[in-house]
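One-based numbering, in listed order, for ligands and for the atoms of each. Counting begins at 1 with the first residue of the sequence.
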Amino acid sequence: MDPAAAPRRPVGGTGPAPVTAGPTEADWDAAVAAVRRLAPEGRVLLICHVNPDGDALGSMLGFGLGLRRLGVRRLQATFPGPPEVPEPFRELPGLELLVPATEAEPEPDLVICFDAASESRLGALADRLSGTGVALVLDHHASNTGFGDVNLVDPVAAATSVVAEELLARLDVPLDAGIAECLYVALSTDTGSFRFDATTPAVHEMAARLLATGIRPGDISRRVFDSRPFGAVRLFGEVLGRARLEPAAAGGHGLVWTYATLDDLARHDQRPYVLEALIDPVRCTAEADVSCVVKQTGPAEWAVSLRSKGAVDVARVADALGGGGHRLAAGFTGRGTVDEVVERIRVELSAPAPDGGVARQG
Ligand code: 5GP
Ligand code: MN
């Protein structure tokens, strides 16, 4: 949908303004009603964000398996861009629901979006929001623009899968092992294996409910976190070897960054998604609050990942550079050379934050 087009009329109480509180009872009721209202032959299209991560795919496929249990037959799941599922997620239950974006139902009766903070994260599939069907948004980004007819956006939720589990419960869909594995992958990836501050008692309680279905956390975690081709191990070595530490950046909180080019990928015969995990060894750097990986996606185009340990709000930085995300994990699309992209980040990191501190002290 054209981002400039008029916002859709909200059905469930939340409007097109950025969401600050979690869903209201009216929102949940509207979401349940939108699913229950589906005719037996109703067409449902599930969409998650471009370059899908564990939460995007896991919450979408887990919810899709739940809809199937409800008897929804005409059901597709998709995401914009090349229809390639990253290796760590190639054994997720429910993958059979996936279709390439080019084959996605053009006129769905119900569209459900997962883990996307704005229409722009849906690429060309955003046009499905302007059809006659109902658009339901499940997300946990505080920056979510409320672009659905019904918006279930909980900025406090550790993952979109938390919202998905709640909606399944309200639809009386029992958790089975397939649904649980999808939601567990989503929950464990977005909490960094239950290490981030978002890991609340409620997160562990949800994990307990998922594990109670009999899923194997050891096998799942090895596949998702601890397995990569040898070529990727070598590629990581090379890219980590060129990491730069800038202790004075971010008002003295420090910045560590590195970059990977398409040529690096080609030399090691690796696919772009292997670079998603690269931020983890980079952000280990004790001397820097902010970490950054700049990943080439085109001749002068880069996918930028930013992380903070808490002193700096990287969502503000990403937002200022045309992207978005969370306070401690954000990203944007950078254009130009690596040096130009990193220089823009340095400038934003040293810009006075709204509260008068440097890049909003946490
Ligand atoms: P990652 O570094 O893992 O790709 O992304 C971290 C977070 O930043 C994601 O959860 C997402 O919220 C946000 N993010 C990453 N890239 C973009 C982007 O290009 N645009 C927007 N709006 N958000 C992004
Ligand atoms: Mn998420």
Side-chain angles (χ1 to χ4, degrees), residues 3 18-19 47-63 79-81 86 88-89 113-123 126 137-145 147 152-165 182-192 196 198-199 203 206 224-225 257-260 272-283 290-298 301-308 312-335 341 344-345:
V19 182
I47 312 176
C48 69
H49 65 72
V50 65
N51 300 325
D53 58 11
D55 190 27
L57 282 170
S59 58
M60 175 172 76
L61 296 178
F63 196 80
F79 51 85
F89 309 124
C113 304
F114 295 85
D115 205 38
S118 63
E119 289 120 304
S120 64
R121 301 280 284 156
L122 304 176
V137 167
L138 273 63
D139 188 30
H140 67 131
H141 291 88
S143 62
N144 191 291
T145 55
F147 59 92
L152 298 179
V153 181
D154 186 355
V156 175
T160 295
S161 64
V162 173
V163 181
E165 195 217 14
C182 289
L183 299 184
Y184 187 84
V185 165
L187 190 63
S188 60
T189 50
D190 258 29
T191 56
F196 302 158
T199 311
V203 164
M206 175 171 163
V224 170
F225 298 108
W257 64 276
T258 190
Y259 67 94
Y273 60 74
V274 305
L275 297 173
E276 297 305 311
L278 185 62
I279 191 73
D280 290 318
V282 175
R283 71 186 171 82
V290 180
S291 47
C292 170
V293 174
V294 182
K295 298 162 279 192
Q296 190 174 24
T297 51
E301 192 185 89
W302 309 80
V304 181
S305 288
L306 291 165
R307 299 290 184 274
S308 158
V312 172
D313 179 356
V314 288
R316 192 194 60 76
V317 174
D319 193 51
L321 296 171
H326 312 275
R327 216 172 69 81
L328 304 183
F332 69 96
T333 300
R335 294 181 209 286
V341 171
R344 264 172 240 138
I345 295 169

Any chance you could lay out the side chain to side chain contact (heavy atoms under 4.5 Å, CB included) test for Thr333 and Val304, step after step, and finish with the verdict?
-> CA-CA 6 Å; Thr333 300; Val304 181; over 6 Å; no
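Between atom 3 (O) of ligand 1 and the options Arg307, His49, His326, Glu276, the minimum heavy-atom separation is to Arg307.
Side-chain N/O atoms of His140 and Asp154 include no donor and acceptor closer than 3.5 Å.
Within ligand 1, the atoms closer than 4.0 Å to a non-hydrogen atom of Gly325 are 8 (O), 12 (O), 13 (C), numbered from 1 in the order shown. Heavy-atom contacts of His141 reach the following atoms of ligand 1: 10 (O), 11 (C), 12 (O) (cutoff under 4.0 Å). Counting the atoms of ligand 1 from 1 in the order shown, those under 4.0 Å from a heavy atom of Ser305 are 1 (P), 2 (O), 4 (O).
Among the atoms of His141, no N, O or S atom is found under 2.8 Å from the Mn ion (ligand 2).
In this structure the side chain of Met206 reaches within 4.5 angstrom of the side chain of Val162, judged on heavy atoms. Under the 4.5 Å side-chain criterion, counting only non-hydrogen atoms from C-beta, Asp319 is not in contact with Ser143.
The nearest protein atom to atom 19 (O) of ligand 1, hydrogens excluded, is given as Phe332 CA, 3.5 Å; this is a heavy-atom distance. For atom 13 (C) of ligand 1, the closest heavy atom belonging to the protein is Gly324 O, 3.3 Å. Looking from atom 20 (N) of ligand 1 to the surrounding protein, the closest heavy atom is Gly323 CA, 3.6 Å. Summary of contacts: the protein heavy atom closest to atom 7 (C) of ligand 1 is Ala329 O, 3.6 Å. In terms of protein heavy atoms, atom 18 (C) of ligand 1 is closest to Arg121 NH1, 3.4 Å.
Below 30°, between 30° and 60°, or above 60°: for Tyr259 and Trp302 the angle between ring planes is above 60°, a perpendicular geometry.
Not a single heavy atom of Ala117 sits less than 4.0 Å from an atom of ligand 1.
Between Val314 and Ser308, the shortest heavy-atom distance links the atoms CG1-CB, 3.8 Å. The two atoms that bring Ser59 and Ala186 nearest to each other are N-CB, 3.9 Å, heavy atoms only. Annotation for His49 and Ala56: closest pair NE2-CB, 3.5 Å, computed over non-hydrogen atoms. In terms of heavy-atom proximity, Leu183 sits nearest to Ala164 at CD2-CB, 4.2 Å. Nearest approach of Phe79 to Cys48, heavy atoms of both residues: CB-O, 3.6 Å.
Considering just the N/O/S atoms of Asp115, the one nearest the Mn ion (ligand 2) carries the name OD1. Distances from the Mn ion (ligand 2) to each N, O or S atom of Asp190 single out OD2 as the nearest. Atom OD2 is the N/O/S atom of Asp55 found closest to the Mn ion (ligand 2).
In terms of polar-atom proximity, Gly331 is counted as a contact of ligand 1, with an N or O under 3.5 Å from an N or O of the ligand.
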